**Student:** 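After the structure tokens below, expect a handful of questions from me.
Just so it is clear, the structure is predicted and the values come from calculations on it, not from any experiment. In each ligand, atom 1 is the first atom listed, and ligand 1 is the first ligand listed.
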Amino acid sequence: MVSEVVKAVSPSATINLLNKEMELKNKGEKIISFSLGEPDFSTPKKILDFAIQKMYEGKTHYTPSAGIMDLRQKIAQKYKNENNVIAEAKNVLVTPTKFGIYLSYLTILNPTEEILIPDPGWVSYVEIAHLVGARPVFYKLNENNGFQIDEEDIKNKINSKTRAILINSPSNPTGSILNNESLKIIRDLAIDKNLYIISDEIYEKIVYEGKNISIASFDDLFERTITVNGFSKSHAMTGLRIGYVIASEQIIKFMDNVQQHTLTCAASFSQYAALKALDDEEDSRIMVEEFRKRRELIYSGLSKIPYIYVKKPQATFYIFPRFSYKGLNSMQMANLLLEKLKISTVPGISFGPSGENHLRFSFSTSQENIIEGIKRLEMLNDL
Ligand code: PMP
């Protein structure tokens, strides 16, 4: 028999939809895919060249479990220079980002304790809680206010079992950035109620307006904040599985113990790729400029579709419009778009109850595909 813990972890709610998309593609249908969760760019050549060179130099063995020292130092330096977070190498653990989130939960949550997660928010925040036997509790983001923190709602969700608040800014799926007011609400609650904060900053580089602020830079928050970040989105290297966690020395030590007995260390060559990526602002910038053009294109296109109500995202490569069409829910709507218009999207309900009546469109696809997708959506009227 399978353990109760593993049984509590659900498969992806969108798996049927993805299977259907595959099936249609295999039949030769030209699907316009707006469902991609990663940059459609190649990993920059200079990053690959460096990692390959390191492999030929013999860097294909175990590294220190917390990561190679040069990389830990460089990540700490980046957070000091760019994010105003006073981190040192001893505050950094190199690990794939998603595993870093798992380690964060595992380190601060006892079974049955609660973690507050955003609604709508990224799908894995719920299931990682199940994986450590903790309870995920949604707090609402206020759509009317640009998906900011709703103070009343989040306060009402805190009880004696609450141990942590997770924030994700810039956000998958909404594309919004938490403003100073929202961050202050989180800070005050964390201090008042003695909670940890997990701050997932993986989309920090893909920003079009404003700047993301790292909550660990606020006075008194460094010790109670676990920041997670990585290179998947910023440098189009999802398959290299490389990211990091920044936290107090004590937390990093405990996480390192777990890493030693699970992952051992992040892949050696991926760590070298990350080292190079930290020097490579240029490729990241070029990618973001292209995303910016696509954002304009998809925003203006979707704005013209009568059943879709859209706001321009400040960041990420996602746009998360609300829709109202013949009373369909988001799963039905995503199915309809796939079957009738051959467009794939992600139904909003996968991101939490507040995601209902929304669709997530990823604009990590070519301008031609965006134009063609919008043309198809214009046919909604005739369905
Ligand atoms: N956080 C968020 C919000 C994400 O969207 C993702 C990737 N989809 C991750 C973390 C995990 O990133 P990685 O694949 O690099 O582990």
**Student:** Answer side chain, backbone, both or neither: which part of Thr97 comes under 4.0 Å from ligand 1, heavy atoms only.
**Tutor:**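 Both backbone and side chain of Thr97 come within 4.0 Å of ligand 1.
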**Student:** Only counting residues at least two apart or in another chain, list the ones meeting ring pair (Phe, Tyr, Trp, His ring centres under 6.0 Å) with Phe317.
**Tutor:**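 For Phe317 the ring pair (Phe, Tyr, Trp, His ring centres under 6.0 Å) partners, ignoring immediate neighbours, are Tyr203, Phe291.
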**Student:** Just let me know how Asn168 lines up against ligand 1, side chain, backbone, both or neither, with a heavy-atom cut-off below 4.0 Å.
**Tutor:**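 Looking at Asn168 and ligand 1, just side chain atoms fall under 4.0 Å.
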**Student:** Any idea which protein heavy atom is nearest atom 4 (C) of ligand 1, and the distance to it?
**Tutor:**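 Checked against all protein heavy atoms, atom 4 (C) of ligand 1 sits closest to Trp122 CE2, 3.6 Å.
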**Student:** Would you check, one step at a time, whether the test side-chain hydrogen bond (donor to acceptor under 3.5 Å, both in side chains) holds for Thr95 with Gln259?
**Tutor:** CA-CA 8 Å; Thr95 194; Gln259 178 138 298; 2.7 Å; yes
**Student:** Closer than 4.0 angstrom, basic N to acidic O: yes or no for Arg292 and Glu289?
**Tutor:**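 So Arg292 pairs with Glu289 through a salt bridge.
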**Student:** Please state which protein non-hydrogen atom is closest to atom 14 (O) of ligand 1 and give its distance, to 0.1 Å?
**Tutor:**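 For this ligand atom, the closest protein heavy atom is Arg241 NH1, 2.9 Å.
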**Student:** Hey, is Asp200 one of the residues with a heavy atom under 4.0 angstrom from ligand 1?
**Tutor:**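 Checking ligand 1 against Asp200, which is what was asked, there is a heavy-atom contact under 4.0 Å.
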**Student:** Between Ile242 and Met237, is any pair of side-chain heavy atoms under 4.5 Å apart?
**Tutor:**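 They are in contact (side-chain heavy atoms under 4.5 Å apart), so the answer is yes.
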**Student:** Which residues pass the salt bridge (charged side-chain N to carboxylate O under 4.0 Å, His left out) test with Lys253, sequence neighbours left out?
**Tutor:**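 Expected list: Glu249.
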**Student:** Are a donor atom and an acceptor atom from the side chains of Ser199 and Glu201 found within less than 3.5 Å of each other?
**Tutor:**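 Present: a donor and an acceptor within the cut-off.
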**Student:** Return yes when Lys233 approaches ligand 1 closer than 4.0 angstrom through a heavy atom, no otherwise.
**Tutor:**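 Heavy atoms of Lys233 do come under 4.0 Å of ligand 1.
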**Student:** How far is atom 15 (O) of ligand 1 from its nearest protein heavy atom, and which residue and atom name does that atom have?
**Tutor:**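 Protein heavy atom with the smallest distance to atom 15 (O) of ligand 1: Ser232 OG, 2.5 Å.
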**Student:** Could you tell me the residue and atom name of the protein heavy atom closest to atom 12 (O) of ligand 1, and the distance to it rounded to 0.1 Å?
**Tutor:**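 Protein heavy atom at minimum distance: Ile202 CD1, 3.3 Å.
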**Student:** Relative to atom 5 (O) of ligand 1, which among Tyr318, Tyr125, Phe231, Tyr203 owns the nearest non-hydrogen atom?
**Tutor:**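 Answer by nearest heavy atom: Tyr203.
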**Student:** Hey, are Glu181 and Lys184 close enough for a salt bridge, meaning a charged N less than 4.0 Å from a carboxylate O?
**Tutor:**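 Lys184 and Glu181: not salt-bridged.
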**Student:** List every atom of ligand 1 that sits less than 4.0 Å from any heavy atom of Lys98, numbering the atoms from 1 in the order shown and giving each element.
**Tutor:**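 So the answer, numbered in order with elements, is 16 (O).
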**Student:** Against heavy atoms of Asn172, which atoms of ligand 1 measure under 4.0 Å?
**Tutor:**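 Once the distances to Asn172 are compared, the set is 3 (C), 5 (O).
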**Student:** With a 4.0 Å cut-off on N to O distance, would you call Asp70 and Lys74 a salt bridge?
**Tutor:**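 No, no charged N to carboxylate O under 4.0 Å.
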